Each structure stands twice: as C-alpha cells, then as structure tokens.
Amino acid sequence: MASYQKLTPRSEDYSKWYNELVVKADLAEQSAVRGCMVIKPYGYAIWESIQAELDRRFKEKGVKNAYFPLLIPKSFLSREAEHVEGFAKECAVVTHHRLMNDPNGKGVVVDPDAKLEEELIIRPTSETIIWSTYKNWISSYRDLPILCNQWCNVMRWEMRTRLFLRTAEFLWQEGHTAHATKEEAEDFAKQMLDVYSDFVTDVMAIPVIKGVKSPNERFAGALNTYCIEAMMQDGKALQAGTSHFLGQNFAKSFDVQFLNNENKYEYVWATSWGVSTRLMGALIMTHSDDNGLVLPPHLAPIQVVIVPIYKKEEQLAELLAKLNPIADQLKALGIRVKVDADSKYTPGYKFADYELKGVPVRLAMGGRDLENNTIEIARRDTQSKETISLDGIVEVVKNLLEEIQKNLLKKALDFRIANTREVNSYEEFKEEVKKGGFILAHWDGTPETEQKIKDETKATIRCIPSIELPGHRTDEPGVCMVTGKPSAGRVIFALSY
RNA sequence: CGGGUAGUAGUUCAGCCCGGUUAGAAUGCCUGCUUUGGGAGCAGGAGGUCGUGAGUUCGAAUCUCGCCUACCCGACCA
C-alpha cells in the first residue's frame, strides 16, 4: 500500500521527486539486476494503453506485426559500419549455452566446454536481424513495400540508469519497412513521425515539436532521423519518438535487391521508427505534481473513481443504490470507472491515494449528499472540487474528462511556449542554457560547431524544427552565433534527458 | 566506466566512531472492537541469517578487503 510520506517537492529536488513518484504511484520498481526494472501492474496498464492505441494507428497505415529474435549473431552487427560503431559499446553478449555444478564449491558456473562458436548479442535494436531476413522475402518490386512492426524488449548496457527514462532493458516497438523508391521510404518515415506526433499530442496530452536531427544526433546508420521533442517541467528536452530514413545503407550491407518492372536490380529503400517505455517518463514529467501522478484521461487506467462515504452498512447500500447506476451509465459510454466501497480505508486515505495514482476525476457521496441529491466532484489536474446536483452527472463527468484532457495539453503547451526563447549571441546563449528550456539560435550547420557547443555548455541540438513554433520564426536565415557563418534558420538547443 | 555517498523489519530510519544482554523506533501488515466529508483511534500480534562473500577476533550489524545494488557528479547514451 502507499506510504504516508509525502513526495519530495519538485522545487526541492526534481530528480528525487521523479524517482519517488515512479515507485509510490506503483508504476515500477528496481529489480535485482542493475538497470532493469519491474513494471508493476498499474504502470503496465498505462503502457498497454499506449501500445493499444499506437498499434491501432500503425495498422491503419498498413503495418503488420511480426516477431524477430532476441539474439543476433555478432557478425551481423558489423555489416553496417556506422551502426556497429553506434551500438557496439553497449551490447550484452551471450558467449556460452550451458552451466554446470561448480566442481570446487557451491552453485553453478559457466561450462567452459559450452562456448558458442559464434557469440550472440542481445538486440540493442533489430535492423540487422531484420534486414538479413528481408533479403529472403524480397525479390521483386511486387514484394514491396514490406511494413512490419514488432513490440519487444531491447537491451543497451547503460552506465547510468533511471526508471523508464534510461534502463538497460526497455520495452518498445520498432517498425521496419522496405520500399521500392527513395521518395516512398522517405515519405513513410515522415508519416510515421506524424503518427507519433498525433498520438503523443492527442492521447498523452504532451505537446511536441516535429523536426529533423542534426548529423551528430542521427541514428547510427540512418541518412536522416526525424523526431518529436518534448519539454519536461524542469526545462529539459526529452526525445519522445524517432523515425529514420535509412536510405539503402542496410539493403547494401545485407544485399537486399529487387527486380524492378524493367527487369533491373535495385537496392531496397528502408525506414525504421520507434517509441519506448521512455514515453512513460515523458508522461510523468510533463503533467505530474507534488501530490503525485497526473494522468490525461485518454490514457488513465481508471478515469473516474467513485468513493462512497458512509457510517453504517445500511447507508452504504443506500449510497451504492445511487452510485452504481451512475457507474454503469459511465461504463456504457466507454468510461473506465471504479467504485471503491472498501471499508478498509477511510475516504481521506482514498482521496490521497487516488491523487497519488493520478486518477483524473473523483466522485464522492456521503450522507449530506443523499439528503440534498448532490455529489462531490473533484478534478486531479487543478485539484479543485465542488458539490453539484446529481442531475445530469454523467454528462458532467464525460465533459469534464475531455476538459481535463484539453487543459493538460494547454498547460504543457503554455509552459513550453513560456520557456522557449531566441538567443543571438553565444555569450547570451551560455547564460540562457543554464536556465533550461528551449533556445532558438542560429547554427552554421557543421558537426564541429555543434560539438563545440556541447562541450562548452552541455546543450545539444534537439532538432531542426519542421513545424512553425508559436511566436517564433525558425526558417529565416541568419548567422551562426558561434562562428558567424551563414545559417539557414534557427534550431532548437536544450539540455536533454 | 571513473569519483563520491549509502545498503539494518514491507517502508523510512536509529544503533556502527569506541566490537560484548534477547538488534530498536516510527509507519505499514494481521486479529478484534470502534470509526469513516482530506492520509482515524484503542488493544493484541506477526515480522530481521543487519546487501553479499571472505578476513581480523574468544566474540562482528559494528573493524578490514572483494563483490552486488541504489543515489549524486562526470564520460557515454533513447
């Protein structure tokens, strides 16, 4: 059960607040293995909602789910030069296939005779195993496009881990598509970014900026990485999703060619795109407050909790006679409702606990309400509550859920706008970066300059925005704040997760 | 992976410096009664090989070393 202790306030220690919230809201906890988390039922329910909604949207694009193996032959990774360079440092490697009793002691040890001929790596991403497979699936332009996605776990041996934000093992989906033309592949990568952007905005109520990654931040092996970037409450940026145009890099590395309608061989064009359990971190750090989690209604496992306040069993029966029909009507509208008549906890305890868990709307009814034909309705996002007439309560709740959804998005967007600013000199930039938020500045487009800025300020280019930002023009030319060389437009700099 | 800090009941922590009764507290948990409009009260009860493995010692939660895990700062990264 939840602890009585309050969360560390965000203003005191943001990082501590986050860590405590994840555990106390019952989302996830540490496991015995470094960097690997246990996602608890309440947290997993949220992830399942994310999965279900995204999966539906993928399928609308014609994407089909499949499954590729966890283990990848070590040699596959090195087929694509940049890819191996990007991932080699953080791969877990399987070297043996058997254990044996320790001949001089207790327990078991690795059997030295069971060494694998070729070592296997645990997938940090699946491009290589998938492209080695696609080679067998593709021979003609009639086989294209191939649009596959898999929901799975991957492992990257991280040095410094945090629940949901950066774990050694994490859950994600990875889509991998094969196309006959460059234009089609590039277009598909952008379409999938739109899917992410719409989902994160409409369902998670997190405003995002669509854009393109600078070369330094590009996915290892991609020609272009499109991304959505969100701003957390502490002003740091978080990459919420990426979609890559892979060109023909993997097709060439794995020799995947098709015969076009002129009977000529061509290499296949590829994309890959993914979002991970990191979205859970984005969700938490966008909306939640010092009292706990705040969930957007579209994603909340429980959207409405109903708490009867009673003194005697007879009174509970009387209250439930009123409350159960309300719950049924809400359920009939597809609203996820929980009636909590458990006598084990007092109403006050329940109020605090459901706030910690982020339930968007709470209804409470007691003796006074019975007399007056009223009910108390409280919303999690603003922490406000009022007592209203029972008449039309179902409609009121339904509308309130939508209002909360909108309000959360607006609040987050207002915050982002308030913390986005233009900077023109590098001196000013150095000062402004420390304050957090997004900084729009001119950059000469070279990796060297980007690296210099990163080394000196820790800020990186989050993206070259491809959408209009409220109150700012980013597409006007200027001069690089560092080198004075020409710049095509402003890019977004920030400290990031 | 480097530097720092920490690990004792489900949880938060005291005890450790200065080794020596049966290792404590709060909270949570279980039982009963009583309560229930913002984390209720009383009574009783269960719960620990002190992260782990070695070592020092007559004796280790306490001293030494290795390892594991977490947190903070770096490097790296979704």
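Below, each value reflects all heavy atoms present in this structure, side chains not excepted, and no hydrogens, waters or symmetry copies. In the text below, chain A, chain B and the rest are named by the order of the sequence lines, each starting its count at 1. Just so it is clear, the model here is predicted, and its values are computed rather than measured.
- Using modelled atom types, one finds a donor on one side chain and an acceptor on the other under 3.5 Å when comparing A:T8 with A:E20.
- In plain terms, the two heavy atoms of A:D369 and A:I375 that are nearest each other are OD1-N, 3.7 Å.
- Nucleotide B:rU64: paired with B:rA54 (Watson-Crick or G-U wobble, both distances less than 3.5 Å).
- Between the P atom of B:rG37 and the CD1 atom of A:I306 lies a distance of 18 Å, rounded to the nearest Å.
- One interatomic measurement links the two molecules: OH of A:Y18 to P of B:rC71, which rounds to 11 Å at whole-angstrom precision.
- At a cut-off of 3.5 Å, with distance as the only test, no side-chain donor of A:Q239 or A:S496 sits close to an acceptor on the other residue.
- When only modelled atom types and interatomic distance are considered, A:N153 and A:W172 share no side-chain donor-acceptor pair under 3.5 Å.
- For A:Y345 and A:D340, the side-chain atoms include no donor-acceptor pair closer than 3.5 Å.
- In the region residues 286-296 of chain A, proximity to RNA chain B at under 4.0 angstrom, judged on heavy atoms, holds for none of the residues.
- Among the nucleotides B:rC71, B:rC76, B:rA40, the one closest to any side-chain atom of A:T346 is B:rA40.
- Distances from the side chain of A:Y345 to the nucleotides B:rC76, B:rC29, B:rG38 place B:rC29 closest.
- In terms of the side-chain hydrogen bond (donor to acceptor under 3.5 Å, both in side chains) criterion, A:K89 has no residue partners (sequence neighbours excluded).
- At B:rG38, none of the side-chain N or O atoms of A:Q383 fall inside 4.0 Å of OP1 or OP2 (strictly under the cut-off).
- When only modelled atom types and interatomic distance are considered, A:S126 and A:E174 share a side-chain donor-acceptor pair under 3.5 Å.
- When the nucleotides B:rC29, B:rU36, B:rG38 are ranked by their closest atom to the side chain of A:K344, B:rC29 comes out on top.
- Listed by chain and number, the residues in a ring pair (Phe, Tyr, Trp, His ring centres under 6.0 Å) with A:F58 are A:W273 (sequence neighbours excluded).
- Interface residues of residues 204-214 of chain A facing RNA chain B, ordered by number: none; criterion, heavy-atom separation under 4.0 Å.
- Atom CD of A:Q451 sits in a crowded spot, with more than 12 heavy atoms from other residues, nucleotides or ligands closer than 6.0 Å.
- Within the 3.5 Å criterion, the main-chain N or O of A:I50 finds no donor-acceptor partner in the side chain of A:W47.
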For residues 300-321 of chain A, run the donor-acceptor check on the side chains, cut-off 3.5 Å, and write out each pair with its distance to 0.1 Å, sequence neighbours left out.
from: A:Q303; atom 1: OE1; to: A:R336; atom 2: N; distance (Å): 2.7
from: A:Q303; atom 1: NE2; to: A:P297; atom 2: O; distance (Å): 2.9
from: A:Y310; atom 1: OH; to: A:A341; atom 2: O; distance (Å): 3.0
from: A:Q315; atom 1: OE1; to: A:K311; atom 2: N; distance (Å): 2.8

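- Judged by Watson-Crick or G-U wobble contacts below 3.5 Å, the nucleotide B:rA6 has B:rU69 as its partner.
- Judged as a side-chain hydrogen bond (donor to acceptor under 3.5 Å, both in side chains), and not counting sequence neighbours, the contacts of A:S75 are A:E118.
- With a cut-off of 3.5 Å on both Watson-Crick or G-U wobble distances, the partner of B:rG28 is given as none.
- For a distance-only test at 3.5 Å, the side chain of A:K350 fails to qualify as a donor-acceptor partner of the base of B:rG37.
- Residues from residues 33-52 of chain A placing a heavy atom under 4.0 Å of any atom in RNA chain B, listed by number, are A:R34, A:G35.
- RNA chain B is contacted by A:R160, A:T161, A:L165, A:R166, A:T167 of residues 160-167 of chain A, taking any non-hydrogen atom closer than 4.0 Å.
- Following rounding to the nearest Å, A:L7 (CG) and B:rU11 (P) show an atom-to-atom distance of 17 Å.
- Contact check of residues 70-94 of chain A against RNA chain B (heavy atom, cut-off under 4.0 Å) returns A:E90.
- One atom, NZ of A:K6, and another, P of B:rU12, lie 18 Å apart when rounded to the nearest Å.
- Residue A:F170 is classed as a base contact, given a heavy-atom separation below 4.0 Å to a base.
- The 12-atom threshold is exceeded at NZ of A:K430, counting heavy atoms of other residues, nucleotides or ligands nearer than 6.0 Å.
- The ring pair (Phe, Tyr, Trp, His ring centres under 6.0 Å) test applied to A:F219 returns A:H83, A:F87, A:H244, not counting sequence neighbours.
- Pairing for B:rG19 is absent, with no Watson-Crick or G-U wobble pair whose two atom distances lie under 3.5 Å.
- Residue A:G241 is out of contact with every strand shown, counting any heavy-atom pair closer than 4.0 Å.
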Please tabulate, one pair per line, each protein N/O and nucleotide N/O from nucleotides 44-51 of chain B that are separated by under 3.5 Å, including the distance.
none

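- Contact annotation: A:K458 reaches the phosphate of B:rG74 (side-chain N/O to OP1 or OP2, under 4.0 Å).
- Summary of the strand contacts: A:K16 and A:Y497 both lie near RNA chain B, and taking for each the nucleotide with the nearest heavy atom, the more 5' one is attributed to A:K16.
- Each of A:V361, A:I388, A:L363 was compared with A:V396 under the side-chain contact (heavy atoms from CB on, under 4.5 Å) criterion, and only A:I388 meets it.
- A:Y349 and A:D342 form no side-chain donor-acceptor contact under 3.5 Å, judged by distance and modelled atom types alone.
- There is no side-chain donor-acceptor pair under 3.5 Å between A:E158 and A:T167.
- Side-chain contact check for A:T177 and A:T271: at least one donor-acceptor pair (N or O, by modelled atom type) lies under 3.5 Å.
- In terms of position along RNA chain B, the nucleotide closest to A:E355 lies nearer the 5' end than the nucleotide closest to the other residue of the pair A:E217 and A:E355.
- Among all heavy-atom pairs drawn from A:S288 and A:L21, the shortest one is CB-CD2, 3.6 Å.
- Within the structure, side chain to side chain donor-acceptor pair (under 3.5 Å) pairs that include any residue of residues 28-43 of chain A comprise A:D26-A:K40 (at least two apart or interchain).
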